[in-house]
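When reading the values below, keep in mind they use all heavy atoms of this one structure, side chains included, and skip hydrogens, waters and symmetry mates.
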Amino acid sequence: MNIKEYLSKQVRQAMNEAGLPLGSDVLLTQSTRPEFGHYQANGALPAAKKMKTNPRELAEAIVKQLNLENIAEKIEIAGPGFINIFLAPDWLASQCENAIKDSHLGVSRHSTPATVVVDYSAPNLAKEMHVGHLRGTIIGDAVVRVLEFMGDRVIRQNHMGDWGTQFGMLIAHLEDRLSAEQALAEVALDDLEAFYREAKVRFDDDPEFASRAREYVVKLQAGDTHCLRLWQKFIDISIKHSEAIYDKLKVTLLHAHIMPESAYNNDLPKLVAELRKQGLAITDQGAEVVFLDEFADKEGKPSPVIVQKSDGGYLYATSDLAALRYRNETLKADRVLYFVDARQSLHLQQVFTVARKAGWVRDEVSLEHLAFGTMMGEDGKPFKTRTGGTVKLAELLDEAVQRADRLVVEKNQGLSPEERQEIAKKVGIGAVKYADLSKHRTSDYMFNWDSMLSFEGNTAPYLQYAYTRIQSIFRKAGINGELPPGRITLNEEHEINLALKLLRFSETIEQVAAECTPHQLCSYLYELASLTMSFYENCPILKQDISPEIRTGRLRLCQLAARTLRTGLDLLGIDVMDKM
RNA sequence: GCGCCCGUAGCUCAAUCGGAUAGAGCAUCGGCCUUCUAAGCCGAGGGUUGCAGGUUCGAUUCCUGCCGGGCGCGCCA
């Protein structure tokens, strides 16, 4: 059950019965301090202002109507008119029992599932994936998992960049490499980054090569068989590179989710023709341009969006428009989420605006640019290698696993080589992902090996460790799977705090789904792990003088904590293990 | 020049859409291991939320101006 939602409903009803105007906000939040209870309703304050009455008296009238029998042990009015709700430990315990029985951990699903198209990852296939692709890929994947958990119908769309002008140069270079060395394309393209650099050097230094490259772009877009074959070869291998990364990262993107730019190629002429027909696009300096008054400057000069170049070529705005139309018409999206770098904000706003004006998106469809910031190095500048190059994602992840392995060895010598390797992988990859996910999406964030792998504070290893400590108790108690029969009773403060936090899983997930902010799930899990550790240290379970009733109650609480941690981390795409 | 984003403890980050005394972690200092994994737990210090105004019962949050930083703005993606 979503406690916040439930209490909101009850308070809203009480407000209506107390004669407050309909539509008054309940303003129910978690209490900011323990002495203010577990939840507080602040709605009396703004309502009293509107009604020109005394807020405290209004709060009293609301409380008189508020029925939380057997749920709240105390309801207080404090300060200028805050309503503080103290939940009853017995009720919390019974809610925990409900969550234990429920395969979905008591998390409420969306009452009406939405069709959500999620555009994320979208690497440029001309190059290898680098650190710049990490955020969009990981954050998008976490949100996708959360939305599916909430019962939405999620359609993943990997809008890979496979159709830009660089491909002329790349396939020209590939052609030469294949004929000169008779090498397999797989070998020639083993290092995509180096391959790109070689092609670029030739493009810049060799005019003959450059003109052939330009020619190949035109031929490719015109459907020339030879060029298409080379292009396909290149694309196939580049996709394999990306999929190797997805595999390492445990990202849920599959081959079937790839819907690259080239997929919309045949749509583009039709799309521009339609924009012209509607009078939205006009010819300006030889190019087809849509002028938007919505983004006009102070002098009223509208902002231009070029949909076709003067040489007849199309741009990424055009294929983004085609993709959006497809998502509306064919995929029937209710929401379209774009996990795209913050720097493309203007571009996406323009695309959204053009699509709406052209009538390609139903009014009720929600178009959301979930922008994210840049990954910074420790100097506060965009993260680069020591020599100033881009950091390959593959190498970054390998280093994470190696570093984790060294730490695992240091902390625990009693592991088999297989266990050790497995743990190092889960810890290393988990640390990298969590470091990224735990920061607010929109801000730039600082990449630092030591803090993400320090195993202290708000890190993946800390959460994983909390989980293994609980598993260790079950091992010691000889329990695997079935819990002994019994009931949770909440007496100690540590037990109550833990139970309350466990029950807030539902409202946390709901918020993450609505705002697409996985860092809120991270904060929640960290606090949960922290309370679990306190409980672990302060409430003995298997010790001699613990009564069987208390023991089974605490074991049940432990099990719910472990399941919640595991489920929460799974929604972030991070693994847990029984030992570490 | 125009537009968007950001500025919170020494450092890295939060703050549930305007709520009560702005919270964590790291670092610093002090406690706790013959007892369920000390990768841990318990405690202490640390703040004029960039600056100045404004809106109101109430502002880190909203508005205006300034300072400082990042990014974007017609033929790349």
Side-chain angles (χ1 to χ4, degrees), chain A residues 4 27-33 35-36 40 42 45-46 48-49 55 78-82 84 122 124 126 161 163-166 261 284-289 295-299 301 303-311 313 315-317 319-320 341-347 349 371 373-374 376 380-382 407-408 410-412 414 427 435 438-440 442-446 448 450-451 454-459 461-462 464-466 468-477 507-508 511 515 517 519-520 522-523 526-527 530 533-534 536-538 540-544 546 558 579-580:
Chain A
K4 188 173 168 181
L27 299 179
L28 191 106
T29 63
Q30 294 178 14
S31 296
T32 49
R33 307 169 66 82
E35 57 266 39
F36 301 150
Q40 59 182 72
N42 306 331
L45 285 91
K49 190 189 173 84
F82 298 105
N84 293 335
N124 177 359
W163 206 238
T165 38
Q166 322 94 309
E261 286 185 303
D284 187 79
Q285 297 169 42
E288 295 303 319
V289 185
F295 301 94
D297 62 18
K298 284 219 171 123
E299 281 109 56
K301 264 172 51 190
S303 147
V305 181
I306 298 179
V307 290
Q308 187 171 17
K309 297 193 284 182
S310 51
D311 69 1
L315 297 115
Y316 78 138
S319 51
D320 272 337
D341 194 299
R343 285 172 294 194
Q344 300 208 34
S345 173
L346 177 61
H347 162 71
Q349 292 314 313
T374 311
M376 301 297 200
K381 293 183 192 145
L407 286 164
V408 170
E410 203 178 287
K411 300 289 184 187
N412 190 346
V427 169
S438 60
K439 273 88 181 176
H440 199 293
T442 52
S443 51
D444 295 342
Y445 100 96
M446 193 97 50
N448 183 294
D450 293 330
S451 60
S454 79
F455 298 65
E456 281 169 5
N458 190 8
T459 64
Y462 177 84
Q464 289 166 326
Y465 179 58
T468 63
R469 281 182 105 178
I470 300 174
Q471 295 313 303
S472 169
I473 292 179
F474 287 118
R475 264 199 307 278
K476 212 132 225 165
E507 61 196 55
T508 304
Q511 194 183 5
E515 296 171 19
T517 43
H519 82 278
Q520 290 165 335
C522 294
S523 296
Y526 174 61
E527 286 158 16
S530 187
M533 293 278 206
S534 291
Y536 179 97
E537 300 269 351
N538 292 288
I541 298 168
L542 304 176
K543 303 294 166 62
Q544 294 298 331
I546 301 300
C558 272
K579 279 195 249 177
M580 68 187 280

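Between A/Ile541 atom CD1 and B/U37 atom C1' there is a gap of 13 Å when expressed in whole angstrom units. B/G25 atom P lies 11 Å from atom CD of A/Glu527, rounded to whole Å. Between the OH atom of A/Tyr526 and the C1' atom of B/A15 there is a distance of 16 Å, given to the nearest Å. What separates CD of A/Gln308 from C1' of B/C75 is a distance of 11 Å, to the nearest Å. The CD atom of A/Gln166 sits 7 Å away from the C1' atom of B/C76 (whole-angstrom rounding). Rounded to an integer number of Å, the gap from CZ of A/Arg33 to C1' of B/G19 is 13 Å. Taking atom CD of A/Gln471 as the reference point, atom P of B/U37 lies 11 Å away to the nearest angstrom. As a whole-Å value, the separation of A/Lys4 NZ from B/C17 C1' is 10 Å.
Distance from the side chain of A/Glu537 is smallest to B/C41 among B/A15, B/C41, B/C75. When distances run from any side-chain atom of A/Thr29 to the nucleotides B/G74, B/C17, B/G40, the shortest one goes to B/C17. In this structure, the nucleotide among B/U21, B/U16, B/A20 sitting nearest to the side chain of A/Phe36 is B/A20. For A/Asn538, whose side chain is taken as the heavy atoms from C-beta onward, the closest listed nucleotide among B/C57, B/A27, B/C41 is B/C41. Closest to the side chain of A/Ser310, from the set B/C75, B/C41, B/A15, is B/C75.
Within the 4.0 angstrom heavy-atom criterion, no nucleotide atom of any strand lies near A/Asn448. Residue-level contact check: A/Asp341 touches neither bases nor backbone, having no heavy atom under 4.0 Å from any strand. At the heavy-atom level, A/Ala371 lies nowhere under 4.0 Å from the strands shown. Residue contacts shown for A/Glu515 include a base, since a base heavy atom lies under 4.0 Å away. Among the atoms of the strands shown, none is found under 4.0 Å from any heavy atom of A/Leu407. If you check every strand for non-hydrogen atoms under 4.0 Å, A/Gly164 touches sugar and phosphate atoms only.
A sub-4.0 Å separation between OP1 or OP2 of B/U37 and a side-chain N or O of A/Lys411 is absent. In this structure, A/Arg469 reaches the B/A38 phosphate: one of its side-chain N or O atoms is under 4.0 Å from OP1 or OP2. Between A/Lys381 and B/G70, a side-chain N or O to OP1/OP2 separation shorter than 4.0 Å is absent.
Judged purely by atom type and a 3.5 angstrom limit, A/Asp444 has no side-chain atom pairing as donor or acceptor with the backbone of A/Gly373. For A/Glu507 (side chain) and A/Lys4 (main-chain N/O), a donor-acceptor pair under 3.5 Å exists by modelled atom type.
Nucleotide B/C76 forms a pair with no other nucleotide shown, judged by Watson-Crick or G-U wobble geometry with both contacts under 3.5 Å.
Contact record, A/Tyr536 with A/Ile473: CE1-CD1, 3.5 Å, taken as the closest heavy-atom pair. For the pair A/Asn448 and A/Ser451, the tightest heavy-atom approach, listed with the atom from each and the gap, is OD1-N, 2.9 Å.
In the interface, the side chain of A/Tyr316 is paired with the base of B/A77 through a donor and an acceptor atom under 3.5 Å apart. On a pure distance criterion of 3.5 Å, a polar donor-acceptor pair joins the side chain of A/Gln40 and the base of B/A20.
A stacked arrangement is not assigned to A/Tyr536 and the six-membered base ring of B/G40, the conditions of a centre distance below 5.5 Å and an interplanar angle below 30° not being jointly met.
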For nucleotides 3-13 of chain B, give me every protein contact, N/O to N/O, under 3.5 Å, one pair per line with atom names.
unit_1	atom_1	unit_2	atom_2	d
B/C13	OP1	A/Met446	N	2.9

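Taking the syn range as angles within 90° of 0, the glycosidic angle of B/C11 is outside it, so the base is anti.
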